[in-house]
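Okay, structure first, notes after.
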Amino acid sequence: MEKNESKIEKEKEQKEKEELDDGKIREFGQTTLVNEKRKSKIHLLSVIGEIEGHECLPQHNKTTKYEHVLPQLAAIEDSADIDGLLILINTVGGDVEAGLAIAEMIASLSKPTVSLVLGGSHSIGVPLAVSAQYSFIVPTATMIIHPVRMNGTVIGVSQTYDYFEKIQDRILNFVSTHSKIEKEDLKQLMHNTSQLAKDVGSILIGPETVDKGIIDEVGGIKEALKKLYEMAGRGEEN
């Protein structure tokens, strides 16, 4: 009788855990990858759609909310169970302050971190991609590098342009610090006038981002997980 009750209790706990994990994937694009052979737990974080800042975007937009991501990153850092973090990125960019906040949090983690760009990592997605200790990009993915944009009323005074310059400088400094590209080279890509028809900037495809020194390596999920296991000291299966 006791064995049956214990079995029912375990099954109930397992079902609740699965429902919780499913809910985390649906709501936040997050889950924990458990590899029994390697005895490892890798937290999976997906950065998709538009990075949402202080203002809520329309409901039909796919968004990554920084108020969801920042507490989770703090929990990952504080958890003794999590061996590393894998970030899947497919974003059009979004709020600069929110994007930089997430990027700075990822860069300051002591746990091994690997990013994988799928589809695209545009605008403020560039700092997010390089914030990990090691970065991958699939061959068909793109990165768009362009100057800071602003919606709404803009006052045409020198202070406005100085403010834009400071924001861009923060982005340039972060990307050049966390990748192999020089700041001036990145600035040239940002102000390129020959690639985008209605804008200023550059479009880089997969291998080009590696050649420029922004991303570390071309690869997919297999390569990204392998690298993360190695960084976490779980390289060989038992």
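Values below: every heavy atom of this structure, side chains too, minus hydrogens, waters and symmetry copies. Numbers for residues simply follow the sequence, beginning at 1. Keep in mind that what you see is a predicted model, and the values were worked out from it rather than measured.
In this structure, the side chain of Lys111 engages the main chain of Ile82 through a donor-acceptor pair within 3.5 Å. Judged purely by atom type and a 3.5 angstrom limit, Thr64 uses its side chain to pair as donor or acceptor with the backbone of Ile48. Using modelled atom types, no side-chain atom of Gln72 and backbone atom of Val69 make a donor-acceptor pair closer than 3.5 Å. For the pair Thr113 (side chain) and Gln133 (backbone), a donor-acceptor distance under 3.5 Å is present. In terms of modelled atom types and a separation under 3.5 Å, the side chain of Asp169 and the main chain of Glu165 share no donor-acceptor contact. Checking side-chain atoms of Glu208 against main-chain N and O of Ile205 turns up a donor-acceptor pair under 3.5 Å.
Counting only residues at least two apart or in different chains, side-chain hydrogen bond (donor to acceptor under 3.5 Å, both in side chains) contacts with residues 90-110 comprise Glu77-Ser110, Glu97-Arg170. The salt bridge (Lys or Arg N to Asp or Glu O under 4.0 Å) analysis of residues 121-137, with sequence neighbours excluded, yields no pairs.
Of the residues listed (Ile145, Ile203, Ile144, Val126), the one engaging Leu189 in a side-chain contact (heavy atoms from CB on, under 4.5 Å) is Ile145, and it is the only one. No option in Lys227, Glu217, Glu230 other than Glu217 meets the side chain to side chain donor-acceptor pair (under 3.5 Å) test with Tyr134.
Annotation: the span from Leu86 atom CG to Thr31 atom OG1 amounts to 11.5 Å, rounded to 0.5 Å. Between Ser202 atom OG and Met143 atom CE the span is 12.0 Å, to the nearest 0.5 Å. One distance of note links CG of Leu225 with NZ of Lys222; it measures 11.5 Å at 0.5 Å rounding. Atom-to-atom distance recorded for Leu128:CG and Ser135:OG is 12.0 Å, nearest 0.5 angstrom. The distance from atom CG of Asp81 to atom CD1 of Ile76, rounded to the nearest 0.5 Å, is 12.0 Å. Expressed to the nearest 0.5 Å, how far CD1 of Ile181 lies from OG1 of Thr209 amounts to 10.0 Å.
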>> Determine whether Leu116 and Ile137 satisfy the following criterion, side chain to side chain contact (heavy atoms under 4.5 Å, CB included), listing intermediate values before the conclusion.
In response: CA-CA 5 Å; Leu116 173 59; Ile137 187 169; 6.0 Å; no
>> Under the criterion side chain to side chain contact (heavy atoms under 4.5 Å, CB included), I'd like the reasoning laid out for Leu44 against Thr32: C-alpha separation, chi angles, the key distance, then a yes or no.
In response: CA-CA 6 Å; Leu44 177 66; Thr32 301; over 6 Å; no
> Stepwise, does the side chain to side chain contact (heavy atoms under 4.5 Å, CB included) test hold for Phe136 with Ile221?
Replying inline: CA-CA 9 Å; Phe136 287 89; Ile221 187 67; over 6 Å; no
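The shortest side-chain heavy-atom distance between Ile124 and Pro127 falls under the 4.5 Å cut-off. Between Val34 and Ile42, the closest side-chain pair of non-hydrogen atoms is not below 4.5 Å. Between Leu118 and Ile89 the shortest side-chain heavy-atom distance does not fall below 4.5 Å. Here the side chains of Thr63 and Ile51 are not in contact, with every heavy-atom distance at 4.5 Å or above. Proximity of Thr177 to Lys183: side-chain heavy atoms (C-beta onward) are nowhere separated by under 4.5 Å. Lys180 is listed as a side-chain neighbour of Asp216, based on a closest heavy-atom distance under 4.5 Å. Considering only heavy atoms from C-beta on, Leu88 stays 4.5 Å or farther from Leu45 through its side chain. Side-chain contact between Met190 and Leu172: present, with at least one pair of heavy atoms (C-beta onward) separated by less than 4.5 Å.
Connection of Val138 to Leu228 is established within a shared hydrophobic cluster, with ILVMFWY side chains joined at heavy-atom distances below 4.5 Å, either directly or through further cluster members. Using a 4.5 Å cut-off between side-chain heavy atoms of Ile, Leu, Val, Met, Phe, Trp and Tyr, with links allowed through other members, Ile214 and Val210 fall into the same hydrophobic cluster. In this structure, Ile171 is not a member of the same hydrophobic cluster as Val200, with clusters built from ILVMFWY side-chain heavy atoms closer than 4.5 Å. Using a 4.5 Å cut-off between side-chain heavy atoms of Ile, Leu, Val, Met, Phe, Trp and Tyr, with links allowed through other members, Val92 and Val148 fall into different hydrophobic clusters.
Side-chain atoms of Ser194 and Asn192 form a donor-acceptor pair, as typed in the model, at a separation below 3.5 Å.
Considering all non-hydrogen atoms of both residues, Ala129 and Ser121 come closest at CB-OG, 3.9 Å. Here the closest non-hydrogen pair linking Ala132 and Ser115 is CB-N, 3.5 Å.
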